[in-house]
Amino acid sequence: MNIEQELGSKLKGDIKKDEPMAKHTSWQVGGPADYFICPADLDELLEIVRLSDKYHLPLYILGNRTNLLVLDGGIRGLVVKIGAAFSYIKHEHDTLAAGAGTPMAYMARSAAEKGLSGLEFAIGIPGSLGGALIMNAGAFGSYIGERVYSVKLVGFCGELITLSQEDLSFGYRTSNLIGRGVLVEAVLEMKKGEPAKSFETMEHFSEERRSRHPALPSAGSVFRNLPDQPAGRIIEEAGGKGMQIGGAAVSKEHANFIVNTGHATAADILNLIRAVRQLVKDNYNLELQPEVRIIGEES
């Protein structure tokens, strides 16, 4: 048997071959993945990881489509979407356990409804919990890593691992979860709060984001902020706002966003990322670091 036959015999759902990744990314670009799979439960995920190891195939994890640039040549290997089967929330006292596929905005609202505070900042974060943990997503001065009590993940040999607070470390847009495995669940420590106050705060945060963020397809902030100033301000002051290559443009609403104006390719976006980095280097001798994850082959 080959991997396709083994997967077909052990999984309930479809295994999509040569699946266009433009259908699964917020930029709406990207070439085909060799195999695209949505595991129906934890057992299926364990099996997929074991088989990827057995057949020495690269494994790529996809959450809620954001913060990701898939190149036009596509992805060789397995793409696994952590979706509905891993989207759930369990409340117990002052903690919240959630699956890695749970949308951050849904978690924020669910916590507020239960009188738990501490996730209000997450209301406008477009991704799901797994990706947010790996990159220590944050907004308005708060970060998801500040709330983490423990994490469960599947190691790359197909074993289930639990990491406690003492095993974890989080920094600006990074964590020591990178490369450790496939996240499946996290337990977050919350504070007692007042639902009305939490919802009021979330509405304020949502309005702030709506007023500053573009409506066209994007992947959120493209570059990491510098310690002393936002990347968007640096790009704008360097004259980068409105720069365009093909169908990709630096947003006129927020210079740290690159948008798909309707017909962009991944190559357009990648070349614009490179051009913006060069512009800032030429003007200020600063090296902007991408915040988005870039995967796949260019052609």
Side-chain angles (χ1 to χ4, degrees), residues 24 26 38-46 48-49 61-68 80-140 142-155 159-170 173-178 180-195 197-199 201-202 205-206 209 220 293:
H24 301 283
S26 60
C38 297
D41 51 37
L42 178 58
D43 287 339
E44 286 199 0
L45 177 59
L46 288 164
I48 292 164
V49 174
I61 306 304
L62 186 70
N64 204 33
R65 317 181 294 127
T66 58
N67 204 44
L68 180 69
V80 178
K81 179 170 174 56
I82 303 300
F86 299 89
S87 180
Y88 58 83
I89 295 176
K90 304 171 190 171
H91 301 94
E92 185 173 348
H93 304 301
D94 293 346
T95 65
L96 181 154
T102 310
M104 292 291 285
Y106 175 69
M107 289 176 56
R109 288 191 294 267
S110 180
E113 287 169 358
K114 295 291 184 179
L116 298 175
S117 179
L119 285 179
E120 290 86 354
F121 72 93
I123 189 63
I125 294 176
S128 52
L129 177 60
L133 287 168
I134 288 170
M135 295 305 295
N136 191 23
F140 302 103
S142 296
Y143 297 88
I144 189 65
E146 298 166 348
R147 307 252 65 90
V148 179
Y149 177 75
S150 65
V151 168
K152 288 183 183 176
L153 54 85
V154 175
E159 73 282 19
L160 195 60
I161 301 167
T162 299
L163 301 175
S164 66
Q165 253 178 353
E166 293 72 26
D167 303 316
L168 301 169
S169 64
F170 296 92
R173 297 296 185 263
T174 190
S175 75
N176 66 345
L177 290 166
I178 297 171
R180 300 284 290 270
V182 184
L183 269 70
V184 293
E185 184 181 278
V187 178
L188 308 180
E189 292 181 313
M190 306 294 291
K191 302 177 289 186
K192 288 290 187 186
E194 300 176 11
K197 186 174 181 181
S198 291
F199 279 106
T201 300
M202 288 191 289
F205 287 163
S206 295
R209 293 182 79 96
R293 183 182 172 207

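Panel note: side chain Asn176, backbone Asp167; a donor-acceptor pair is recorded below 3.5 Å. A donor-acceptor pair under 3.5 Å is formed between the side chain of Lys81 and the backbone N or O of Gly63. Although no hydrogens or angles enter the test, the distance criterion places no donor-acceptor pair under 3.5 Å between the side chain of Ser87 and the main chain of Gly83. Checking side-chain atoms of Glu120 against main-chain N and O of Gly118 turns up a donor-acceptor pair under 3.5 Å. With Asn64 contributing its side chain and Pro126 its backbone, the two residues share a donor-acceptor pair below 3.5 Å.
Counting all heavy atoms, side chain and backbone alike, Gly181 lies closest to Leu153 at CA-CD1, 4.3 Å. In plain terms, the two heavy atoms of Leu183 and Ala100 that are nearest each other are O-CB, 3.2 Å. In plain terms, the two heavy atoms of Asp41 and Ala85 that are nearest each other are N-CB, 4.1 Å. Shortest non-hydrogen contact noted between Met190 and Ser117 is CE-O, 3.4 Å. For Pro195 against Glu113, the heavy-atom pair with the smallest separation is CG-O, 4.4 Å. Minimum heavy-atom separation, Phe121 to Phe140: O-CD1, 4.4 Å.
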query = Are Arg180 and Leu163 close enough, and set up right, to give a side-chain contact (heavy atoms from CB on, under 4.5 Å), and what steps lead you there?
reply = CA-CA 10 Å; Arg180 300 284 290 270; Leu163 301 175; 3.5 Å; yes
request  = Show the numbers, then the answer: is there a side-chain contact (heavy atoms from CB on, under 4.5 Å) between Leu129 and Ile144?
outcome  = CA-CA 9 Å; Leu129 177 60; Ile144 189 65; 4.3 Å; yes
request  = Report the C-alpha distance between Leu45 and Ile82 in whole Å, list the side-chain angles of each, state the deciding distance to 0.1 Å, and finish with yes or no for side-chain contact (heavy atoms from CB on, under 4.5 Å).
outcome  = CA-CA 9 Å; Leu45 177 59; Ile82 303 300; 4.2 Å; yes
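Put simply, the side chain of Leu116 reaches to within 4.5 Å of the side chain of Asp94, judged on heavy atoms. Side-chain contact between Leu188 and Val148: present, with at least one pair of heavy atoms (C-beta onward) separated by less than 4.5 Å. Contact annotation: the side chain of Thr162 never approaches that of Val151 to less than 4.5 Å [non-hydrogen atoms, C-beta and beyond]. With a 4.5 Å cut-off on side-chain heavy atoms, Leu42 and Val154 count as touching. Using a 4.5 Å cut-off on side-chain heavy atoms (C-beta onward), Ser175 and Leu133 make no contact. In this structure, the side chains of Glu185 and Phe86 stay at 4.5 Å or more apart for every pair of heavy atoms. In this structure, Arg173 and Tyr143 have side chains that are in contact, with non-hydrogen atoms separated by less than 4.5 Å. Residues Val182 and Val80 form no side-chain contact, since every pair of their non-hydrogen atoms from C-beta on lies 4.5 Å or further apart.
Interatomic distance, Ile89 CD1 to Arg109 CZ, rounded to the nearest 0.5 Å: 9.5 Å. If you take NZ on Lys192 and NE2 on His93, they are separated by 9.0 Å, rounding to the nearest 0.5 Å. For the atom pair CD1 (Ile134) and CZ (Arg293), the distance works out to 7.5 Å, reported to the nearest 0.5 Å. The structure places CZ of Arg147 at 10.0 Å from CD of Gln165, a figure rounded to the nearest 0.5 Å. The OG1 atom of Thr201 lies 12.5 Å from the CG atom of Leu119; values are rounded to the nearest 0.5 Å. In this structure, the separation between OG on Ser110 and OH on Tyr88 is 13.5 Å, given to the nearest 0.5 Å.
By the 6.0 Å contact criterion, OH on Tyr149 is open, its count of non-hydrogen atoms from other residues, nucleotides or ligands being 12 or less. Open room surrounds CD on Glu194; 12 or fewer heavy atoms of other groups in view lie less than 6.0 Å from it.
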